[in-house]
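A note on names: the letters A, B, ... follow the listed sequences, proteins ahead of strands, and every chain is numbered from 1.
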2 protein chains.
Amino acid sequence: MARNPKQNKANRPRTRGAARPATAKQAVRRTRATADSPYHHGALRDALLQAAEKVLERDGLPGLTLRAVAREAGVSHAAPTHHFGDLTGLLSELAAIGYRQFNEAMRAANVSGTPQEKGMASAKAYVAYAQAHPGLYGLMFRTERLDMKRPALHEAANVAFAGLARGVGASRHEHIEAEALSLEQAGAIARAWSMIHGFTMLLLDNRMANILRRLPKGTTMDQLFEAMLKSPPPRPPV
Amino acid sequence: MARNPKQNKANRPRTRGAARPATAKQAVRRTRATADSPYHHGALRDALLQAAEKVLERDGLPGLTLRAVAREAGVSHAAPTHHFGDLTGLLSELAAIGYRQFNEAMRAANVSGTPQEKGMASAKAYVAYAQAHPGLYGLMFRTERLDMKRPALHEAANVAFAGLARGVGASRHEHIEAEALSLEQAGAIARAWSMIHGFTMLLLDNRMANILRRLPKGTTMDQLFEAMLKSPPPRPPV
DNA sequence: GCAAAATCTTTACACTGTCAAAATGGCATC
DNA sequence: GATGCCATTTTGACAGTGTAAAGATTTTGC
């Protein structure tokens, strides 16, 4: 689409059939398939997803095209179609991977300590994951480019939400039945999620830098994040 | 790019020169320019921005292309280039309009009442604006598609931030000097902004519906929003 | 073995952004 | 009023994109 002409084009040339050790006879018969580059890839689906993640974090969401992914994986431009149907399908499966990675990171951060310590550790792990995988995190919430009805994506996103609800419940010293919430519980979940997701998005969109710039020199984003979490609610105590 | 084949194509045919009342002689000389469709539009820049907003809210961000905007405005596909340079330029100017609309909506909502009432009214106006202009709000925070160095966009976004900081300061009964913040002030601003922006994004991305579905039947999004704002901070009072 | 299915490539088409050249008409200057 | 400059708009071209259809190749089921 030539939308972003700055995107990497160095590794454009197809790598398949680059060094072709076939005999002359074979060369007549089979012009492409070689030992190190068989016609059937074998695990192309996973290879494409890996390539997609690489392209996404290197060139950003605008550079994440079906053809760019195919190039990165060294296959023809239409190969991804068979595995994902269309671009939305590929993005959705990639987002599902993102949610699973995210869930794993959150699980790893939520190991020990008081409920308050766990909450802070989870919040920091949340932001840290998004900073480590900015493209992926952005994709995970770009609903217009995803098909949330895909089972893999739907399920992985639901697991993420359940983990969030459980964490909020723990910090309130109560067990949250994720399928039926009270308004108060839902408010607490919405508050925690909105605040951390909002901070993360503003951070990735470079908006938090505007606040940081107005703070005393040397103040870090981490300090701002902690100050936000510890900030009292907007209503003064009467 | 044919990325979203569902996008509206009904109004494709150029409207210029549709009804051409020119004489035969004129028709020989000038094949396109007519009374109601002169070669020089006169106010094409504004017309393009209006068309862009229309296309954005109708077909979403993926459907907002230079050529679609030109079609909507009834001019040739390359006409926007002269006024905006490239697609990023058009999107940035459109985002600037969004910020100005947003600022006006916030100003209108912040008229009377106690600081608490003003805060609640502002928060509701914030979400209401985003719901009324979902495409525009999404564009305003899609940094990778914008050029924040454009003066119009930069300034309008700064005005929005200043208004936010002022509002938070008022709810804390203090005057906030937007250029130099204390860590506590910054934390309060980050908290308010993150929470409302996060809620808005989750709402537009259809994530809040998941919470609402788990609430007692009949509960509205507005109730959830209020419950979130009134929810106590996650740390229990020791 | 062999037909069928799965996988991958090739080809084609409509769409996109952007550039360059041509066309058009407003406007200041003579 | 004529003229020439210049902003504005159109036309045409090119490379890149998604996706559909048809062909090529390999695996798999029987």
- [ ] To the nearest Å, give me how far apart CG (A/Leu48) and C1' (C/dT9) are.
- [x] 14 Å

- [ ] Can you figure out which of C/dT16, D/dT8, C/dA12 approaches the side chain of B/His82 most closely?
- [x] D/dT8

Open item on the list: Tell me whether the side-chain N/O atoms of A/His83 come closer than 4.0 Å to OP1 or OP2 in C/dA6.
Closed with: no

- [ ] Measure from the side chain of A/Val75, starting at C-beta and using heavy atoms only, and say which of D/dT17, C/dT9, D/dT19 lies closest.
- [x] C/dT9

Task: Nucleotide nearest A/Ser76 when distance is taken to its side chain, options C/dC8, C/dA20, D/dA20 - done: C/dC8

- [ ] Please check the phosphate of C/dT18 (OP1 and OP2 only) for any side-chain N or O of B/Thr81 closer than 4.0 Å.
- [x] no

Open item on the list: What I want to check is whether an N or O donor and acceptor connect the side chain of A/His77 with the base of C/dT11 at under 3.5 Å.
Closed with: yes

TODO: Using only heavy-atom distances, decide whether a donor-acceptor pair under 3.5 angstrom links the side-chain of A/Arg45 to the base of C/dT7.
DONE: no

Task: Protein-nucleotide distance (A/Leu44, atom CG; C/dT9, atom C1'), rounded to Å - done: 12 Å

Open item on the list: Looking only at side-chain N and O atoms, does B/Asn210 offer a donor or acceptor that is under 3.5 Å from a partner on B/Arg207?
Closed with: no

- [ ] When you get a sec, tell me which of D/dG18, D/dA21, D/dT9 is the closest nucleotide to the side chain of A/Ala78?
- [x] D/dA21

Open item on the list: When you measure only distances, ignoring hydrogens and angles, does the side chain of A/Arg67 come within 3.5 Å of the base of D/dG16 through a donor and an acceptor?
Closed with: no

Task: A/Arg100 and A/Asn103: side chain donor to acceptor below 3.5 Å - done: no

Task: Between D/dT17 (P) and A/Arg145 (CZ): distance, integer Å - done: 13 Å

TODO: Please work out which of the three classes, parallel, tilted or perpendicular, describes the rings of A/Phe102 and A/Tyr129, given edges at 30° and 60°.
DONE: perpendicular

Open item on the list: Please give me the minimum heavy-atom distance between B/Ala165 and B/Ile176, naming the atom from each residue.
Closed with: O-CD1, 3.6 Å

TODO: Using a cut-off of 6.0 Å, state whether more than 12 heavy atoms not belonging to B/Lys54 lie near its atom NZ.
DONE: no

Task: Gap between atoms CD and P, on A/Glu72 and D/dT17 respectively (whole Å) - done: 13 Å

Task: Integer-rounded Å distance: D/dT9 P and B/Arg71 CZ - done: 18 Å

- [ ] Take the protein atom CZ of A/Phe84 and the nucleotide atom C1' of C/dT7, then report the distance between them rounded to whole Å.
- [x] 13 Å

Task: Nucleotide of D/dT9, D/dT19, C/dT18 approaching A/Leu66 most closely (side-chain heavy atoms) - done: D/dT19

Task: Between P of C/dG17 and CG of B/Leu64, the distance in whole Å - done: 9 Å

